[in-house]
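To keep things clear, I will list the structure first and then write my remarks on it.
Below, each value reflects all heavy atoms present in this structure, side chains not excepted, and no hydrogens, waters or symmetry copies.
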Amino acid sequence: MRIDARLLLIGAVAACAPMMPESPTTQPPAPSPLIPAPTPTPTPAPATPTAPALPDAAGFEGWKQGFLARHGGARRAAYEREMAGLTPDPSVVRLDNNQPEFSRPAGAYVQNAVTATRIAQARQRIDRVPWGVVQRTGVPSEILVSIWAQESAFGQVQGDYDVIRSLATLAYDGRRRDWAEAQLKNALDIVLDGRRSRAGLKGSWAGAMGQTQFMPDNYLRLGVDEDGDGQVDIWNSDADALASAANLLARAGWKRGQSWGYEVTVPSGFDYALAEGPRHDWAFWAARGVRLANGGAPNAAEAAEQATILLPQGANGPAFLALPNHYVIRAYNNSVSYALAIGLTADGIQGKPALSRAWPNDAPLTRDQRIGAQSALTRLGYDTKGVDGVVGANTRAALRQWQQANGRTPDGYLTAALADELIRRGQ
């Protein structure tokens with residue numbers, strides 16, 4: 001079947017760049033030691049929004065020598081050989097500052113990802129997931145093919161960036177240097193250990209590789225040789241790629257027999273300040289008038305779990321009960337929009353109803369608006385815990401506090417109009 005052109009574009013853009021939003025106010029399940037969280041960068045002081053600087057080739061060489069001194073060890077000469085002639089890639093810096101999971105409204109992202117075409121194509125490929133993988137890990141086939149679709153259009157759009165160059169650029173750029181340098185070292189080791197040739201080490205702009213877009217560290221620790229040919233080939237083997245993805249989710253704490261979450265409705269007068277706050281069981285939410293949008297109730301195991309209410313586009317958009325498996329999906333890509341896209345695609349594959357509430361047609365936020373709003377909130381006394389242009393849980397918590405103090409609906413949702421208002425107020 002011919003892949004829809006829009007679907008291919010989405011796969012290319014959404015290839016699993018490792019998302020590093022602010023540390024969530026409501027913490028997801030503790031990460032497995034096999035999937036360490038990236039080392040956070042120091043919190044920058046609020047600053048006037050500026051365009052991202054492009055990498056400087058002269059400074060890049062100095063960074064490279066520092067990297068070799070810090071990480072080369074016994075392999076320094078070999079690393080230097082693999083990095084000979086390397087230059088920074090300006091397109092990587094631009095893409096890193098405009099990740100669609102955080103720059104576009106959740107509804108725009110989800111609607112582009114969760115389409116009838118994608119769901120139909122995923123259903124046709126459901127049997128490609130080895131049944132032994134599902135039995136062993138408990139991760140449903142629908143979740144795995146949803147990730148496969150989102151990451152690479154079922155292997156057809158894996159990215160053609162030089163992984164080593166991309167990671168070196170991210171490390172030199174400095175926004176998340178420790179994380180990128182660790183990933184770069186792992187990528188170099190993949191080549192030097194003969195697991196993949198340098199020419200074949202291609203992936204997304206952020207260094208994610210293969211049909212299910214694994215970062216180098218996860219490839220080394222969590223990659224699975226499901227087809228038994230003696231190598232973990234996430235580029236060419238469907239079985240290896242899908243089994244590796246299942247292994248990552250299982251190690252991150254996937255709860256067998258439970259959903260990722262449900263669309264819910266909230267009553268008039270609902271306290272929106274409760275959203276994205278402390279987690280509670282279903283009895284707590286039901287007592288406050290929360291109902292599953294399509295009726296019924298969570299199963300017994302789900303009802304006992306601690307869950308939170310998500311409002312990805314504020315009080316005017318759909319609301320969701322996020323169960324622990326939602327946060328497990330975010331071990332793959334730490335973005336609410338991404339996790340919703342995977343969960344809702346999986347629901348569609350199973351034939352569940354579409355969302356009952358439409359997404360608002362909000363304009364995307366520019367980088368200047370995101371950074372400007374964060375700077376303004378912090379200056380006004382509502383600390384966003386950093387000014388990085390990523391509207392994560394800390395920014396939403398600060399915004400919610402400002403909204404409560406100013407008589408607004410405290411849904412923590414930043415629109416373009418509200419960002420402009422905050423920037424004016426914060427001057």
[X] side chain to [Y] side chain, donor-acceptor N/O pair below 3.5 angstrom:
X: Q374; Y: D388; value: yes
X: D217; Y: Q183; value: yes
X: W205; Y: D89; value: no

Is a side-chain N or O of [X] found less than 3.5 angstrom from the main chain of [Y], in a donor-acceptor match?
X: T345; Y: S146; value: no
X: D411; Y: Y272; value: no
X: R357; Y: P318; value: no
X: Q213; Y: G210; value: yes
X: R396; Y: V391; value: yes
X: R165; Y: P88; value: yes
X: E181; Y: R177; value: no
X: D240; Y: D233; value: yes
X: N394; Y: A398; value: no
X: Y219; Y: V232; value: yes

For the residue pair [X] and [Y], does the interplanar ring angle fall in the parallel (under 30°), tilted (30 to 60°) or perpendicular (over 60°) class?
X: H280; Y: F284; result: parallel
X: F214; Y: Y332; result: perpendicular
X: Y172; Y: F60; result: perpendicular

Return the minimal non-hydrogen interatomic distance between [X] and [Y], and the atom names on each side.
X: L323; Y: A307; value: CD2-CB, 4.0 Å
X: A339; Y: H326; value: CB-CE1, 3.5 Å
X: P267; Y: V290; value: CD-N, 4.2 Å
X: A275; Y: T308; value: C-OG1, 4.5 Å
X: G426; Y: R379; value: O-NE, 2.9 Å
X: L167; Y: A206; value: CD2-O, 3.5 Å

Non-hydrogen side-chain atoms of [X] and [Y] separated by less than 4.5 Å:
X: V224; Y: S244; value: yes
X: D162; Y: R198; value: yes
X: L399; Y: L422; value: yes
X: Q403; Y: T409; value: no
X: Q121; Y: W148; value: no
X: L249; Y: I147; value: yes

If you measure from the Lys or Arg side-chain nitrogens to the Asp or Glu carboxylate oxygens, is any gap between [X] and [Y] under 4.0 Å?
X: R195; Y: D189; answer: no
X: K352; Y: E142; answer: no
X: D238; Y: R125; answer: no

Begin with the C-alpha distance, continue with both residues' side-chain angles, and end with the deciding distance and a verdict on side chain to side chain donor-acceptor pair (under 3.5 Å) for N316 and Y413. CA-CA 10 Å; N316 294 323; Y413 180 56; over 6 Å; no
More than 12 heavy atoms of other residues, nucleotides or ligands under 6.0 Å from CG of D271: yes or no? yes
Between Y109 and W359, is the ring pair (Phe, Tyr, Trp, His ring centres under 6.0 Å) condition met? List the steps. CA-CA 10 Å; Y109 182 92; W359 292 100; over 10 Å; no
What's the spacing between I349 CD1 and R118 CZ if we round to 0.5 Å? 10.0 Å
Nearest-0.5 Å distance that lies between atom CG in L144 and atom CZ in R128: 13.5 Å
Geometric cation-pi criterion R279 and Y327, 6.0 Å radius, 45° cone: yes
Could you check D227, D229, D225 and say which one makes a side chain to side chain donor-acceptor pair (under 3.5 Å) with S237? D227
